[in-house]
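Quick one: this structure, given as structure tokens, is what I'll be asking you about.
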Amino acid sequence: MPEVQTPSRQAFKEAWNATCSAAGDNPTLLLPQGKTFLLKPITFKGPCKSPSIHIQVSGDVAGPSNLLEWNQAAVWLDFHYVDNLTIDGTGRIGGQGSIWWDCHTNRDPAMSFAFCNGLVLSGFQLFDNPKKHIHTFKCDGAVISHLTITAPKESPNTDGINIAESTGVQIYNCTIGTANSILYQYTTGDDCISLLNGTSNVNISYITCGPGHGISVGSLGRDGTVGIIVEQIHVSYSSFIGTMTGARIKTWQGGSGYVREISFKDIILDKVKIPIDIDQFYPNLINQDDQHIQVSDVSFIGVHGTATSPTAIVLKCTRPEGCTNITLNDVNITSADPGKNVEAYCQEVHGASTNCTPKVPCLG
Ligand SMILES: *[C@@H]1O[C@H](CO)[C@@H](O)[C@H](O)[C@H]1NC(C)=O
Ligand SMILES: *[C@@H]1O[C@H](CO)[C@@H](O)[C@H](O)[C@H]1NC(C)=O
Ligand SMILES: *[C@@H]1O[C@H](CO)[C@@H](O)[C@H](O)[C@H]1NC(C)=O
Ligand SMILES: *[C@@H]1O[C@H](CO)[C@@H](O)[C@H](O)[C@H]1NC(C)=O
Ligand SMILES: *[C@@H]1O[C@H](CO)[C@@H](O)[C@H](O)[C@H]1NC(C)=O
Ligand SMILES: *[C@@H]1O[C@H](CO)[C@@H](O)[C@H](O)[C@H]1NC(C)=O
Ligand SMILES: *[C@@H]1O[C@H](CO)[C@@H](O)[C@H](O)[C@H]1NC(C)=O
């Protein structure tokens with residue numbers, strides 16, 4: 001069990017190399033408790049010799065506080081081609097991102113996992129990272145649980161967890177509070193969780209999200225990207241606290257493909273600006289009947305709590321077919337401002353609603 005000392009990129013490289021080339025059963029790279037490891041951007045590359053690899057984060061990991069030590073383009077902790085990688089423990093991983101927020105640069109994610117099937121992330125805390133916290137690409141069967149992810153309210157684009165081109169993913173029992181600044185609301189994100197292209201069969205439950213932009217499918221179809229597919233995304237038993245949006249699907253005009261079989265079930269809201277939002281005109285309405293990503297088979301079941309804007313439900317779809325088979329059932333959203341009413345806005349939406357407050361005019 002190699003032990004890494006502070007300060008430590010070279011030591012990490014050697015320890016990773018030793019762990020990845022160890023033949024034994026589930027070799028472990030241990031970051032011992034009571035230590036802080038100062039790490040410059042680093043790549044952890046597989047494939048490894050053992051069928052599974054373990055990184056135990058009991059100590060803390062910090063990014064460089066000096067801008068010059070960050071490579072402009074680099075992901076901070078970059079994992080590639082490592083199958084059956086488990087990273088767990090109760091340590092804290094903090095990128096010292098505030099030096100970046102001030103210069104508004106578009107930073108790559110703090111922790112990036114590409115081609116890491118069977119990834120397990122559990123237990124640790126991620127905080128104040130330069131941009132997105134966790135990004136996965138082609139990580140089938142990933143299980144992400146018991147993480148705490150936080151960034152201050154003012155930080156731009158600090159998405160919590162992005163999932164791209166991955167199938168069979170579970171995310172549960174995480175607390176995610178990311179950025180919520182109005183200044184950045186139409187940039188790439190600030191979502192607690194976002195599900196991106198090529199993602200299917202994802203179950204998300206017991207998430208506490210806020211502040212931030214909620215749990216989003218998308219955005220998808222930017223710059224006319226074609227062949228977008230996101231399906232079978234199921235979010236349940238989650239709460240949104242002081243978020244800008246809650247349950248959200250956002251697609252750009254000009255893209256093509258589909259989003260289908262999406263459900264949000266048993267959702268609690270506390271002062272959410274727009275709790276339910278489907279927007280085929282993201283980031284804003286361009287009045288054109290261009291090609292678009294089809295949205296169908298979406299349900300919102302058991303959504304309760306308060307909204308801060310007068311329009312609590314926004315379902316904004318595009319011709320010719322609009323969004324189809326959209327269901328709302330047992331939805332009760334009231335104004336966070338006692339005595340005020342909330343309403344729903346909809347265009348080109350087809351489906352049904354039952355026991356829904358406010359009433360959705362298109363759905364009868
Ligand atoms: C990685 O480990 C292998 C085998 O133990 C060794 O030959 C190689 O020099 C090491 N590379 C680095 C960068 O430490
Ligand atoms: C990952 O684990 C699964 C299940 O234990 C196993 O079938 C697979 O071969 C492992 N992957 C690698 C690359 O060893
Ligand atoms: C998600 O939940 C559905 C329904 O319970 C189940 O069939 C599916 O296997 C689950 N997927 C994952 C990745 O756990
Ligand atoms: C997830 O959180 C819920 C609600 O707090 C709890 O009932 C459940 O046991 C937790 N699941 C795990 C696997 O920790
Ligand atoms: C979307 O994801 C699918 C499935 O992984 C992939 O084949 C396709 O190339 C992706 N499209 C874009 C525009 O990235
Ligand atoms: C509508 O969507 C639901 C899932 O939300 C699905 O079970 C049902 O089969 C769909 N109905 C039609 C007519 O496609
Ligand atoms: C909706 O929730 C409010 C606030 O909790 C409650 O007073 C009201 O009776 C509920 N309406 C329905 C139709 O359940």
Side-chain angles (χ1 to χ4, degrees), residues 19-27 44-55 79-90 113-124 138-148 166-176 192-193 200-209 217 230-241 247 249 258-268 276 278 294-303 315 317 321-331 349-354 356 360 362-363:
T19 309
C20 189
S21 49
D25 187 24
N26 202 29
F44 298 89
K45 207 160 174 296
C48 296
K49 206 163 200 174
S50 167
S52 64
I53 294 284
H54 182 202
I55 298 182
F79 296 84
H80 282 278
Y81 305 106
V82 187
D83 278 347
N84 300 328
L85 168 67
T86 295
I87 304 180
D88 62 7
T90 53
F113 301 90
F115 307 94
C116 295
N117 293 329
L119 175 69
V120 175
L121 303 177
S122 177
F124 54 88
K138 292 196 189 286
C139 297
D140 291 350
V143 180
I144 301 175
S145 73
H146 303 100
L147 299 188
T148 303
S166 302
T167 187
V169 174
Q170 301 175 53
I171 306 176
Y172 57 90
N173 294 56
C174 293
T175 299
I176 307 172
C192 287
I193 299 175
S200 63
N201 185 17
V202 179
N203 293 342
I204 299 174
S205 58
Y206 299 105
I207 305 298
T208 302
C209 164
V217 172
V230 176
E231 61 186 347
Q232 295 159 355
I233 310 293
H234 302 294
V235 179
S236 60
Y237 303 110
S238 293
S239 36
F240 297 108
I241 301 167
I249 296 172
Y258 56 81
V259 169
R260 65 187 179 199
E261 292 176 60
I262 312 293
S263 69
F264 290 91
K265 195 168 172 291
D266 296 304
I267 304 295
I268 294 174
I276 294 178
I278 298 179
Q294 293 174 29
V295 175
S296 66
D297 311 328
V298 181
S299 62
F300 302 90
I301 301 170
V303 180
L315 304 173
C317 298
E321 76 280 18
C323 299
T324 55
N325 191 18
I326 310 300
T327 312
L328 285 84
N329 182 14
D330 182 23
V331 170
V349 180
H350 310 283
S353 71
T354 46
C356 183
V360 182
C362 312
L363 299 179

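Numbers here simply count residues along the sequence, with the first being 1. Whatever order the structure lists them in is the order used to number ligands and atoms, beginning at 1.
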Atom 4 (C) of ligand 4 - nearest protein heavy atom and its distance: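 Answer for atom 4 (C) of ligand 4: Tyr206 CD2, 3.6 Å.
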task: Please indicate, with yes or no, if any protein heavy atom is found under 4.0 Å from atom 2 (O) of ligand 2?
output: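 Yes, there is a protein heavy atom closer to it than 4.0 Å.
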query: Can you tell me which residue and heavy atom of the protein come closest to atom 9 (O) of ligand 4, and the distance to 0.1 Å?
result: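 The answer is Asn173 ND2, 4.9 Å.
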field: Nearest neighbour in protein (non-hydrogen) for atom 5 (O) of ligand 2
entry: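 Of every protein heavy atom, Asn84 ND2, 4.7 Å lies nearest to atom 5 (O) of ligand 2.
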task: Take Asn26 and Ser52, measure what side chain to side chain donor-acceptor pair (under 3.5 Å) needs, and give me the verdict at the end.
output: CA-CA 5 Å; Asn26 202 29; Ser52 64; 3.1 Å; yes
- prompt: Does any N/O atom on Ser50 come nearer than 3.5 Å to any N/O atom on ligand 2?
  reply: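 So ligand 2 has no N or O lying under 3.5 Å from an N or O of Ser50.
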message: Starting from atom 11 (N) of ligand 6, what is the nearest protein heavy atom, named by residue and atom, and what distance separates them?
response: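 In this structure, atom 11 (N) of ligand 6 has Asn325 ND2, 2.8 Å as its nearest protein heavy atom.
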- request: Give yes or no for whether the N/O distance cutoff of 3.5 Å, strictly under, is met between Tyr172 and ligand 4.
  value: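 By distance alone, the answer is no.
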task: Report, as yes or no, whether the 6.0 Å neighbourhood of atom OH on Tyr81 holds more than 12 heavy atoms from other residues, nucleotides or ligands.
output: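 Incorrect, the count does not exceed 12.
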field: Phe113 and Ile87, any side-chain heavy atoms less than 4.5 Å apart
entry: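 A side-chain contact exists here, since the closest heavy-atom pair is under 4.5 Å.
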message: Between Cys317 and Cys323, is the disulfide bond (SG atoms under 2.5 Å apart) condition met? List the steps.
response: CA-CA 6 Å; Cys317 298; Cys323 299; 1.9 Å; yes
message: Before you tell me yes or no, could you show the steps for Ser236 and Ser205 under side chain to side chain donor-acceptor pair (under 3.5 Å), namely the whole-Å CA-CA distance, both residues' side-chain angles and the distance that decides it to 0.1 Å?
response: CA-CA 5 Å; Ser236 60; Ser205 58; 4.7 Å; no
Atom pair NE2/CG of His146 and Asn173 - distance to nearest 0.5 Å: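 These two atoms lie 4.0 Å from each other.
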field: Is_contact(atom 7 (O) of ligand 2), protein non-hydrogen, under 4.0 Å
entry: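 There is no protein heavy atom less than 4.0 Å from atom 7 (O) of ligand 2.
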- prompt: Which of parallel (below 30°), tilted (30 to 60°) and perpendicular (above 60°) describes Phe44 and Phe79?
  reply: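 Aromatic pair Phe44/Phe79 classed parallel.
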task: Take atom 14 (O) of ligand 2 and look for protein heavy atoms under 4.0 Å from it; say yes if you find one, no if not.
output: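 Under the 4.0 Å cut-off, atom 14 (O) of ligand 2 does have protein heavy-atom neighbours.
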query: What atoms in ligand 2 come closer than 4.0 Å to a heavy atom of Pro51?
result: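 Here the atoms of ligand 2 in question are 1 (C), 10 (C), 12 (C), 14 (O).
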